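All figures in this text were calculated on a predicted structure; none of them were measured in a lab.
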Amino acid sequence: MAAALRALAVLLWVAAAYPVVFRARPVQALAANWGTRALHPLPGDITVRLLRDNGFDKVKLFEADPPALRALGHSGIQVMLGLPNELLGSVAASVTAAEQWVIQNVSTYVSKYGVDIRYVAVGNEPFLKSYKGKFEAATLPAVQNVQAALVKAGLARQVHVTVPLNADVYESGDGRPSSGDFRPDIAGLMVSLVRFLLDNGGVLTINIYPFLSLYADPNFPVDYAYFPSPGARPSQASVQDGNVLYTNVFDANYDTLIAALEKHGLGAIPVIVGEIGWPTDGDKNANAANAQRFNQGLFDRIIAGKGTPRRPQMPDVYVFALLDEDNKSIDPGSFERHWGVFNYDGSPK
């Protein structure tokens, strides 16, 4: 099983009508983001086949894309469905608006098409610093109204609420994960949000991008961005935190969040990794070799079920992304169109 799954990270072409990068039973934690910002989108049925043939049993959609949702019906793939930021205001202001959104985008696809929707992701990184507070007031009320709408629709036991957050919602003053806490300007909001999710059976979703740490800081230690190979000497940038040595930025970043949650009595909340990956073009560090190195380490961790020092069991991990998206905005950088494990047409890289 491990050998078959490792083929995903090696990114070998397997000759077939629709390529299979690896063929194996799904790993519990293996999931993917399916973005739809493509000039010539891959047909939904082919994308679903790509997911299933390569062992992905969970997928995240950023919006209720009808062709994608219809294709996911009766597929055996669990779905996290996004409610975009631009709808937060209206959904927060009216429980009726939330009910209508749930009827149209959740109830209909569950009952009529057999889509296995497990989560509604309310917003996408709504507390991102660059938004300058634009979505902060609306996020928690929107979450509350969506939860109420799921209850009214009789779906609250099957479909849970989450909020995908950027890793900039927490920080560590001295660089040690154990010193983690929420960003001061949103600390109260984070506590209220997570408490609501915890009390209503929801989960917290966090997006972690070691590549972006490297992209943003030319002095960031390169080896620390990757998972160390077995037997390799730890990066010189490794962080000693009490008895724990953090050898890569993913572990340190994730555990900084866990420490922040524990500090506020919220340590019981499940934490999903909603986005993580490495692009293959658009920057000096974005190439197939580096993506293979990062993804190999990530997939090996998933296969082994190895989590972090504070959460030893690997959480669900949504790889970003299944496919390149050749119509995405490149404002953050040219690499934005090149995150896929597959090219936009479905061919392996």
Full working for side chain to side chain contact (heavy atoms under 4.5 Å, CB included) between Arg311 and Val271: CA-CA 9 Å; Arg311 291 278 178 96; Val271 179; 3.8 Å; yes
Show me, pair by pair, the donor-acceptor contacts under 3.5 angstrom made by side chains of residues 91-103, not counting sequence neighbours?
{"from": "Ser94", "atom 1": "OG", "to": "Thr96", "atom 2": "N", "distance (Å)": "3.2"}
{"from": "Ser94", "atom 1": "OG", "to": "Ala97", "atom 2": "N", "distance (Å)": "3.0"}
{"from": "Glu99", "atom 1": "OE1", "to": "Lys152", "atom 2": "NZ", "distance (Å)": "3.4"}

task: Determine, for Arg49 against Asp45, whether the closest basic-nitrogen to carboxylate-oxygen distance falls under 4.0 angstrom.
output: no
- request: Flag the pair Met314 / Arg301 as yes when at least one side-chain heavy-atom distance between them is below 4.5 Å, and no otherwise.
  value: yes
- request: Find out whether Ile302 and Leu298 are in side-chain contact, i.e. whether some heavy atom of one side chain is under 4.5 Å from a heavy atom of the other.
  value: yes
query: Do Asp326 and Lys328 meet the salt-bridge criterion of a basic N to acidic O distance under 4.0 Å?
result: no
query: Would a distance-only check, ignoring hydrogens and angles, find a side-chain to backbone donor-acceptor pair under 3.5 Å from Asn33 to Val319?
result: yes
- prompt: Between the main-chain N or O of Phe127 and the side-chain N or O of Arg183, is there a donor-acceptor pair closer than 3.5 Å?
  reply: yes
- prompt: Taking NZ, NE, NH1 and NH2 as the nitrogens, is one of them in Arg293 or Asp223 under 4.0 Å from a carboxylate oxygen of the other?
  reply: yes
- prompt: So, are Lys306 and Asp300 salt-bridged, with charged N and O less than 4.0 Å apart?
  reply: no
query: Can you find a side-chain donor-acceptor pair between Glu275 and Tyr318 that sits under 3.5 Å?
result: no
message: Do Lys349 and Val341 have side chains that approach each other closer than 4.5 Å (heavy atoms only, starting at C-beta)?
response: no
- prompt: Under 4.5 Å between any side-chain heavy atoms of Leu165 and Thr205, yes or no?
  reply: no
query: What is the distance from atom CD1 of Ile46 to atom CG of Leu51, rounded to the nearest 0.5 Å?
result: 12.5 Å
- prompt: With a 4.5 Å heavy-atom cut-off, do Leu81 and Leu69 have their side chains touching?
  reply: yes
query: Around Gln236, counting heavy atoms of other residues, nucleotides and ligands shown, do more than 12 lie under 6.0 Å from its CD?
result: no
query: So, Ser238 side chain and Leu245 main chain: donor-acceptor pair closer than 3.5 Å or not?
result: no
query: Are the side chain of Asn287 and the backbone of Asn290 linked by a donor-acceptor contact shorter than 3.5 Å?
result: yes
query: Looking at the rings of Phe211 and Phe294, which for Trp means the six-membered one, are their centres under 6.0 Å apart?
result: no
Test item: Asp241 side-chain N/O and Val244 main-chain N/O as donor-acceptor pair under 3.5 Å: no
statement: CG (Leu83) and CG (Leu61) are apart, to the nearest 0.5 Å, by 13.0 Å
task: Could you tell me whether a side-chain N or O of Ser192 sits under 3.5 Å from a main-chain N or O of Leu189, the two making a donor and an acceptor?
output: no
message: Does the plane of the ring in Trp339 sit parallel, tilted or perpendicular to the ring in Phe320? Use 30° and 60° as the thresholds.
response: perpendicular
message: Please evaluate residues Asn253 and Tyr170 with respect to the criterion side chain to side chain donor-acceptor pair (under 3.5 Å), reporting the C-alpha separation (whole Å), side-chain torsions for both, the decisive distance (0.1 Å), and the verdict.
response: CA-CA 9 Å; Asn253 193 308; Tyr170 51 90; 2.3 Å; yes
query: Less than 4.0 Å between a side-chain N and a carboxylate O, is that true for Glu63 and Arg37?
result: yes
message: Please check: side-chain N/O of Asp255 versus main-chain N/O of Ile258, any donor-acceptor pairing under 3.5 Å?
response: no
field: Side-chain donor-acceptor contact under 3.5 Å, Asp181 with Ser179
entry: no
Leu88 vs Thr139 side-chain heavy atoms within contact, under 4.5 Å: yes
- prompt: Is the Phe220 to Tyr215 ring centre distance short of 6.0 Å?
  reply: no
field: Asp57 (side chain) donor-acceptor with Ile77 (main chain) under 3.5 angstrom
entry: no
message: For Phe182 and His264, I'd like to know if the aromatic rings sit close, meaning centre-to-centre distance below 6.0 Å.
response: yes
query: Atom CD1 in Ile208, atom OG1 in Thr256: separation rounded to 0.5 Å?
result: 9.0 Å
message: Quick one: does any side-chain atom of Tyr344 pair with a main-chain N or O of Leu42 as donor and acceptor, under 3.5 Å?
response: no
- prompt: Does Val222 share a hydrophobic cluster with Trp278, counting links as ILVMFWY side-chain heavy atoms below 4.5 Å and allowing steps through other members?
  reply: yes
field: Pairing of Lys58 and Asp116 as salt bridge, 4.0 angstrom limit
entry: no
message: I'd like to check Val161 versus Tyr119 (side-chain heavy atoms, cut-off strictly below 4.5 Å). Are they in contact?
response: no
- prompt: Taking C-beta and beyond as the side chain, do His160 and Val203 meet within less than 4.5 Å on heavy atoms?
  reply: no
Intermediate values then yes/no, side chain to side chain contact (heavy atoms under 4.5 Å, CB included), Asn85 and Tyr131: CA-CA 11 Å; Asn85 287 341; Tyr131 289 149; 3.8 Å; yes
field: Donor-acceptor under 3.5 Å (His338 side chain, Thr280 main chain)
entry: no
